[in-house]
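To start, the structure itself, in structure tokens.
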Amino acid sequence: MVQGEKPSSLGAERLDMDHGSRESRDDSDVESRLLDNGKTYDKEKEAAINLDGEEDAPKTGKSKKKKQKSEQDRLMTAEINKLLAESPLEKNVTCGFWIFKGTFYQRFANQTAYVLLYGIVGCIFSMTYAYFNGTITTIEKRFKIPSKNTGIISVGNDISQTLVSAVLAYYAGKGHRPRWIGFGLLTIVFFCILTTAPHFLYGPGEDALALTSEFGGVPDENATMEAIEEQRSKTLCRLNGGGAECEVGEGNFAPQLLLFVAQFISGIGGSLYYTLGVSYMDDNTKKSKTPALLSLSYFLRMLGPAIGYALASFCLRLYIAPQMHPVINNKDPRWLGAWWLGWLVMGGLLSFSGVFLSMFPKELPRAVARRKVEESRRREKERLSVKSTEKERLTAELDQKSPAEAKASFQDMLKTFRRLITNKTYMCNTLSSIFYLVGYTPYWIFTPKYIEVQYRQSAATSSMVTGTVALAFSAVGVLLSGFIISRYKPRARYMAAWNVIVGFLTVAGILAYAFIGCPGNESSVIVNIHDSSVAGNTTTCNSACSCDYVRYSPVCGENNMTYISACHAGCKKLLVNSEGKKIFYDCSCIPSDESGNSTTQFKRLTSFDLSNDELSQNTSIHSQLEALANGQAMPGACPVNCWTQFVAFLAVMCCLKFVGASGRASNFLVSVRCVPEKDKTAAMGFGMTLCSMLAFIPSPIFFGWVFDRVCLVWGKTCTNKGNCWLYDPLSMRYTLNFTAAVFIAIGAIFDLGVWYYAKDLKIFDEDVKEVEMKIVQHEEEASNEKNTEI
């Protein structure tokens, strides 16, 4: 139970009615000053109110309690300020270290400075994950890392969190937490350095250097166009061979190992930052302010991904060797951006801010002063005589002291974890979080791809929606919920009930996703794959085109149907018209429009267009006419009007983002208040271990398997099946959303368990005061009885 400020008493003077002795009056005055903070109480006025204004009693009582509470807060603040001014500066509240100490640094030892710096550090830390995702394709291209290995590298931090979070949180939670956070940030700086190391160990690469003027490269626009055309031509149907070939071999294994070790180390620093940082904030702030401050730190961390992607975009526009002069531009497929540069920037920012964060004292001075004032009042109260059995029971509940905290040891750690496992509220809340995380995984990872597949929106639009619009609603939800909780201080059961409502609203929204589809999109794709490796396959329109290793690059035929690629459409030739638009023609799988009519979406090539093309001038007129007689296509999937469905999806998504974010603060408060104060940090570390082991690691693998089940077109490599090129939109929509809804529904059921077990949970200081108010009410009733008798 968290001790708070003592409330006023409205019936302490009843001792004066019973006993006329000076000792009784003195004791009564002491109790009145203690519980009423020096405020006098007029019994005659109270009696007049009881006789003349019984109807206004509830309203008068509420206003009186509000006035008393305001007076209590004012007096408490005055006592804390006086204690801070008079007390000498102790070691555990001294800000800074070594020569970085003194009055200048001590002024920053407050909750506002900590929350802002903690949020800024979280923003930079979350930038690292976004930056890694934004530059991973360049890293794969530079070091020839297959995508499957990239997936293994990216879960390195989850593996380390599974192994060390619980143990580190237990031991570090009993030490100097800001220093441990600083150590964790240093490991994240080391993660940034290790991630950059492959560039400095292996350089930009011979291919990249050969494209600079310093290494003999000559600016040749024709060479760039030839490289682009060569890459594009591999998507065409090649009857005589020379089509796309399979990708052979992998790059050096050492860079991949370095990247994995870096991710593994980042998990250690991340676990220290998240578990210790929030518990330190909660322990050193007034409980009623925790939700608002926590929401502010969440908001600052939310800004990180957007800044990280922007930094990645900026760095990739620079050449991988910025000091050299490339002879190509960033539109050339051979271009490699300076993927390593951003890691130096983020590492520098983290090292700088990490030093300042570690300078915070073990405990904030104001929090220590508050606890001393409360302890002083508690001891003063123990001197009062207790004559009522009910009052004695309530006072014992109020003044119950927690046992002395045990020293950190392996045996005590096991006892701590055993207490957590047997804590029903905590376990229900943790299991609920695990199922929520599993259910949300596909939306965190695949939302941009989902929007592209289901609603035919561009990659830029998809990224904008998930990165800005969704972020805005999440930020508003987090901030609003935090300030509402701090303002109105709802009971634990109300917050647990809101979490249940959030869970079932999320289930309803995800089920709505399943029914927001685009019918035109689901029937506009033609899958015509000829597998040359299977003997006995019948001859098709593209069986001689060698399309086995052609990547997915959709084209729109003049029949308004989408094909996997120009090769799969049987297109043998390509022309860039006078407007700069590419047109594929001589497509054997696309029925030609014999009328020769053109539409606003598709303009057919004519013999006049071919006569102006240098490559086509070498062919006979007869060959040109034969080629024009076949179907034609243009790059990109055929336009399908899914705007209405996309807007509906976007509306539901924004509502879910807002509602889901509004439950974060309440969920955290329940999770840290349902365990003893001494177990708070260990509980957060133990919960992170369970979430990493049961959600973060297995859920991407599970949903990867789910996505594989709805794949229509697979890529091929020299040795095995490659990545999925094309998903079945209808099957994906139902399978993904129904599966996610099941997991989140199970999480909501566990939230019901939290609601059931949280009936006696105290969240704020004011909840503790309720016990004290029961004492006050009991004294009032006894005093009124005495007044009546007299």
Side-chain angles (χ1 to χ4, degrees), residues 122 125-126 129 152-175 177 180-181 183-185 187-188 191 260-282 301 408-441 444 664 667-702 743 746-747 750-751 753-754:
F125 186 28
S126 58
Y129 293 107
I152 297 173
I153 291 170
S154 62
V155 298
N157 61 329
D158 295 318
I159 295 173
S160 61
Q161 287 180 357
T162 301
L163 297 176
V164 304
S165 286
V167 178
L168 269 181
Y170 169 77
Y171 283 101
K174 294 181 180 293
R177 283 177 287 184
W180 275 101
I181 296 171
F183 169 75
L185 293 178
T187 63
I188 299 172
F191 148 67
F260 177 81
V261 172
Q263 288 286 333
F264 187 90
I265 291 174
S266 77
I268 299 173
S271 64
L272 287 171
Y273 169 81
Y274 289 120
T275 57
L276 301 181
V278 178
S279 64
Y280 181 83
M281 182 196 306
D282 186 57
R301 276 159 48 186
S409 65
F410 183 73
Q411 289 77 12
D412 183 63
M413 182 180 69
L414 295 180
K415 290 180 181 178
T416 301
F417 293 156
R418 192 178 300 115
R419 281 196 301 271
L420 295 176
I421 293 173
T422 55
N423 186 324
K424 295 179 180 178
T425 308
Y426 173 78
M427 288 307 297
C428 281
N429 195 64
T430 302
L431 290 171
S432 169
S433 298
I434 289 171
F435 280 102
Y436 275 125
L437 291 173
V438 173
Y440 272 115
T441 294
W444 288 331
R664 292 185 66 176
N667 182 69
F668 168 79
L669 289 173
V670 170
S671 67
V672 296
R673 298 289 186 268
C674 68
V675 296
E677 286 283 329
K678 61 181 180 179
D679 294 342
K680 185 189 302 180
T681 306
M684 295 182 67
F686 188 66
M688 181 173 286
T689 294
L690 292 178
C691 289
S692 296
M693 181 171 59
L694 301 177
F696 291 133
I697 294 176
S699 58
I701 299 172
F702 171 75
F743 281 107
I746 296 173
F750 278 108
D751 270 337
V754 175

- Task: Check step by step if side-chain hydrogen bond (donor to acceptor under 3.5 Å, both in side chains) holds for Tyr426 and Asp679.
- Result: CA-CA 11 Å; Tyr426 173 78; Asp679 294 342; over 6 Å; no
If every non-hydrogen atom of [X] is compared with every non-hydrogen atom of [Y], which pair is closest and at what distance?
X	Y	value
Thr162	Ser692	OG1-CB, 3.1 Å
Trp180	Leu276	CB-CD1, 3.4 Å
Leu272	Ala172	CD2-CB, 4.2 Å
Ser160	Gln263	OG-O, 4.5 Å
Thr681	Gly173	CG2-CA, 3.8 Å
Thr187	Ile265	O-CG2, 3.4 Å

Using 0.5 Å steps for rounding, measure from the [atom1] atom of [X] to the [atom2] atom of [Y].
X	Y	atom1	atom2	answer
Thr275	Tyr280	OG1	OH	14.5 Å
Tyr129	Ser154	OH	OG	11.0 Å
Phe750	Ile434	CZ	CD1	9.0 Å
Lys678	Lys680	NZ	NZ	14.0 Å
Ile697	Met693	CD1	CE	8.5 Å
Ser266	Asn157	OG	CG	4.5 Å

- Item | Any residue meeting side-chain contact (heavy atoms from CB on, under 4.5 Å) with Val278, in chain and number order, not counting sequence neighbours | Tyr118, Leu294, Phe668, Met684
Would you say the side-chain atoms of [X] pair up with the backbone N or O of [Y], donor to acceptor, closer than 3.5 Å?
X	Y	answer
Tyr170	Ser409	yes
Asn423	Cys674	yes
Ser126	Arg301	yes
Tyr273	Leu185	no
Ser165	Thr689	no

- Message: For Phe417 and Phe686, take the angle between the two ring planes, folded into 0 to 90°, and tell me which bin it lands in: parallel under 30, tilted 30 to 60, perpendicular over 60.
- Response: parallel
- Taking atom OH of Tyr171 as the centre, report whether more than 12 heavy atoms of other residues, nucleotides or ligands fall under 6.0 Å from it. yes
- Message: Run the side chain to side chain contact (heavy atoms under 4.5 Å, CB included) test on Phe264 and Leu163 for me, step by step, so that the C-alpha distance in whole Å, both residues' side-chain angles and the decisive distance to 0.1 Å come before the verdict.
- Response: CA-CA 10 Å; Phe264 187 90; Leu163 297 176; 4.1 Å; yes
Would you say the side chain of [Y] lies within less than 4.5 Å of the side chain of [X], judging by non-hydrogen atoms?
X	Y	result
Val155	Phe696	no
Val438	Phe435	no
Asn667	Ser433	yes

- Task: Answer with yes or no whether the side chains of Asp751 and Ser432 bring together a donor and an acceptor at under 3.5 Å.
- Result: yes
